[in-house]
There are 2 protein chains.
Amino acid sequence: MSAATVSRVLNGARTVDPAMVARVLTAVRELGYRPNAVARNLRRSRTTLWAVIISDIGNPFFTATVRGIEDVAQQAGYSVVLCNSDEDPAKEETYVAAALSEQMAGVIIASSGSAKAAKSLLDSPVPVVAIDRQLPRGEVDTVVVDNEAGARTATRHLLDAGYRRIACVTGPEGVSTADLRLRGYTAALSAQQPPGEPLIARTDFREQGGYDAMASLLSSPERPDAVFVANNLMTVGALRCLADHEVRVPGEMGVVGFDEIPWADLVRPSLTTVAQPTYELGRMAARLLVDRIATPAGRPATVVLPAELRARQSSAR
Amino acid sequence: MSAATVSRVLNGARTVDPAMVARVLTAVRELGYRPNAVARNLRRSRTTLWAVIISDIGNPFFTATVRGIEDVAQQAGYSVVLCNSDEDPAKEETYVAAALSEQMAGVIIASSGSAKAAKSLLDSPVPVVAIDRQLPRGEVDTVVVDNEAGARTATRHLLDAGYRRIACVTGPEGVSTADLRLRGYTAALSAQQPPGEPLIARTDFREQGGYDAMASLLSSPERPDAVFVANNLMTVGALRCLADHEVRVPGEMGVVGFDEIPWADLVRPSLTTVAQPTYELGRMAARLLVDRIATPAGRPATVVLPAELRARQSSAR
DNA sequence: CAGCTGCGTGCAATCGATTTCTGGCCGAAA
DNA sequence: TTTCGGCCAGAAATCGATTGCACGCAGCTG
């Protein structure tokens, strides 16, 4: 029989004789035949793969988000391939280029800030959803949490607890989460009477960065009595630094971290965090992508999810 | 000019006139031309993608391993796409099928135990490396740690610390890491004079499983005074259970967990673990895969890396 | 019984890049 | 001047599956 018939059987065309269908299926089973997806993709000029490009695979925030994406993707018939840019714009560009060359059906990206990668995506026809962070100059579907409000709440919480000299450790300039969380922090300070004076340390979004930033805050002339750390990995670094310097938390230093940490309630003192609805964020992003694939045109949506303060011991003076 | 010429330029053939090369390159830049990798892969019948199939993306062990894989892959000119089976054999089978259909250049897999997925891989010509866990009935390159020795050391460490009634929480039967770690535990017990009596709880390799297993151990008539937990996520669950039941660690219950945890030294009491060389494990697996792609035939290698006890407070009576 | 409809199958074009083959042109050697 | 290589560019085949089109056959209608 012809390849055409086999193809029709395997793709569920109903114009095939049932006897023929049976013959094809047994032959497929016996031969262990597996259609070549590369050829299929070429002919159909579409694929069933999504590229999910995240900036740190070691960050529980992203892994939880990916779970949400995966669950929706599976249901919609897509497979998710995960790409870890490790906050490295060059790696991000490599992965974006691969995703475009491979004609992926869609891309979900937490940008590490590469304008070049963003431009490639925007210039291409591939549907894109940005998560966690705004895509540089990108008019695309976006799912983020309300970073500014979350940071404001966290900072106000420290003020309410009686801390007076509150520092902020945040991420790289130009990364939207870093900038917005900083803005929320400063907003909370200046809402005070009298306005609090900001004390800011910028670093990368990684553990070592948090450690170093905390160390420099500790040795600064205006040593703070509390710190708001704008991401979970930096918070771990800060905590480690405080432990190394034998600074008592929360007695000598109140701590609130952005992003929930799976073991926040297991450490002593337990850690106050600003929790994000990670799984829901992933689901939402995946749903937007499904919609965008169905309807390529149309105004991009931006979904803002709430962040929620989880007050624990590290911020209780 | 013809497509053939463009192809030659882009693939670095040296039989092209320099003037022509320049024309092609400027045209490529101006048009934003990007070769269709799907078509290229079809024609060449090979790709530059590796599928890395892991069983839990939320487990720091795997994410650290992936980092090692990625670094070697990038250097060798491959891109890594990560697939998360979430310990679900059905998902694993889906991803294996996708990897084979997509003609991936190689597969690195931490099996969740699906015999079907293993068979598909073994029947196919695609180069495979198993990590962390043996592939069911699979004669393939494998990188593991010395699970039995690690478990034996951990158990002996508890015995040496003076604990007398030591339980083991391990993973599903048939998953090699679960079985070997259990074997190391029983070996250490029976090496005692008089031999210790094993007390075993089997569950899945997840946090909730660890919690439940610990809870049942606590209420057992032969309540243990120490526990060896065979994986990091289950250890977290066990710790949470102990905290909920207000069991003092290490006073009332000594704890050692297999797998390092990034914050093992931040919790109080800090956690004794059996650390694995995760990054190195990933690098090794990737190197084996590169070799296997170059030399498809030949006897599969098995690399066993050492695990190392990190004694901290949770096991100090 | 001619003609029409519809079903099931095969033929052949197609996707876009790579690669082998072919041929034109030029220079060098006889 | 002729012939032979060598070099370079284009023509065409190729990868494997999908899909529009055509054809043959059966059943039905007028």
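Convention: sequence-line order gives letters A, B, ...; per-chain numbering from 1. Heavy atoms only: backbone and side chains are in, while hydrogens, waters and symmetry mates are out.
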Could you pull out every donor-acceptor pair under 3.5 Å between side chains of residues 44-51 of chain A and any protein atom, sequence neighbours left out?
{"unit_1": "A:R44", "atom_1": "NH2", "unit_2": "A:N11", "atom_2": "OD1", "d": "2.9"}
{"unit_1": "A:T47", "atom_1": "OG1", "unit_2": "A:Q103", "atom_2": "O", "d": "3.0"}
{"unit_1": "A:T47", "atom_1": "OG1", "unit_2": "A:A105", "atom_2": "N", "d": "3.2"}

(request) Would you mind listing every salt bridge (Lys or Arg N to Asp or Glu O under 4.0 Å) that reaches into residues 136-146 of chain A, with sequence neighbours excluded? (result)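 Passing the test, one end in residues 136-146 of chain A: A:D141-A:R292.
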(request) Quick one: which residue pairs count as a salt bridge (Lys or Arg N to Asp or Glu O under 4.0 Å) with a foot in residues 92-113 of chain A, not counting sequence neighbours? (result)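 Checked against salt bridge (Lys or Arg N to Asp or Glu O under 4.0 Å) - neighbours excluded - the pairs reaching residues 92-113 of chain A are A:E93-A:K116.
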(request) Considering only heavy atoms of chain B and a distance under 4.0 Å, specify the first and last nucleotide of DNA chain C in 5' to 3' order that meet this criterion. (result)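 It runs C:dG16 to C:dT20.
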(message) Using a heavy-atom cut-off of 4.0 Å across all strands, would you classify A:T5 as base, sugar-phosphate, or nothing?
(response)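 Touches sugar-phosphate only.
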(message) Students often get this wrong, so: under 4.0 angstrom with heavy atoms, is B:V16 touching a base, only sugar-phosphate, or nothing?
(response)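 Counting heavy atoms under 4.0 Å across all strands, the contact made by B:V16 is with sugar-phosphate only.
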(message) Between B:E87 and B:R133, does any NZ, NE, NH1 or NH2 come within less than 4.0 Å of an OD or OE carboxylate oxygen?
(response)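 Looking at B:R133 and B:E87, the cut-off is met.
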(request) Ignoring hydrogens and angles, tell me if any N or O in the side chain of B:S101 forms a donor-acceptor pair with the backbone of B:A97 under 3.5 Å. (result)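 Yes; at least one donor-acceptor contact below 3.5 Å.
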(request) Spell out, as yes or no, whether a donor-acceptor pair under 3.5 Å connects the side chain of A:N232 to the backbone of A:D259. (result)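 No; zero donor-acceptor contacts below 3.5 Å.
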(message) For the residue pair A:D71 / A:Y279, report whether a side-chain donor-acceptor contact shorter than 3.5 Å exists.
(response)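 The answer is yes; a qualifying pair exists.
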What is the distance from [atom1] of [X] to [atom2] of [N], rounded to the nearest Å?
X: A:L42; N: D:dT19; atom1: CG; atom2: P; result: 12 Å
X: B:D17; N: D:dC8; atom1: CG; atom2: P; result: 7 Å
X: A:L10; N: D:dA17; atom1: CG; atom2: C1'; result: 10 Å

By salt bridge (Lys or Arg N to Asp or Glu O under 4.0 Å) - contacts of [X] (at least two apart):
X: A:D86; answer: A:K91, A:R206, B:R67
X: B:D88; answer: none
X: A:D291; answer: none
X: B:R287; answer: B:E280

(message) Between B:T15 and B:R44, which residue's closest nucleotide on DNA chain D lies nearer the 5′ terminus?
(response)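 Its nearest nucleotide lies further toward 5', so the answer is B:T15.
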(message) Contact list please: residues 24-41 of chain A against DNA chain D, heavy atoms, distance less than 4.0 Å, in numerical order.
(response)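 Listed by number, they are A:Y33, A:P35, A:N36, A:A39, A:R40.
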(request) Return the set of residues passing side chain to side chain contact (heavy atoms under 4.5 Å, CB included) with B:D17 (not counting sequence neighbours), or none when no residue passes. (result)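 B:A19, B:M20.
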(message) With a 4.5 Å cut-off on side-chain heavy atoms, are B:P127 and B:V107 touching?
(response)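 When only atoms from C-beta onward are counted, B:P127 and B:V107 do not touch, as no gap falls below 4.5 Å.
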(request) For B:R46 and for A:M1, locate the closest nucleotide of DNA chain C by heavy-atom distance; then report the residue assigned to the nucleotide nearer the 5' terminus. (result)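 Nearest nucleotide further toward 5': that of A:M1.
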(request) Five pairs at each end of the helix from C:dC1-D:dG30 to C:dA30-D:dT1: take the axis at both ends and give me the angle between them to 10°. (result)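 Taking five pairs per end, the axes differ by 70°.
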(message) At under 4.0 Å between heavy atoms, how does the protein contact nucleotides 20-26 of chain D? Give one character per nucleotide, 5' to 3', with B, S or -.
(response) B------
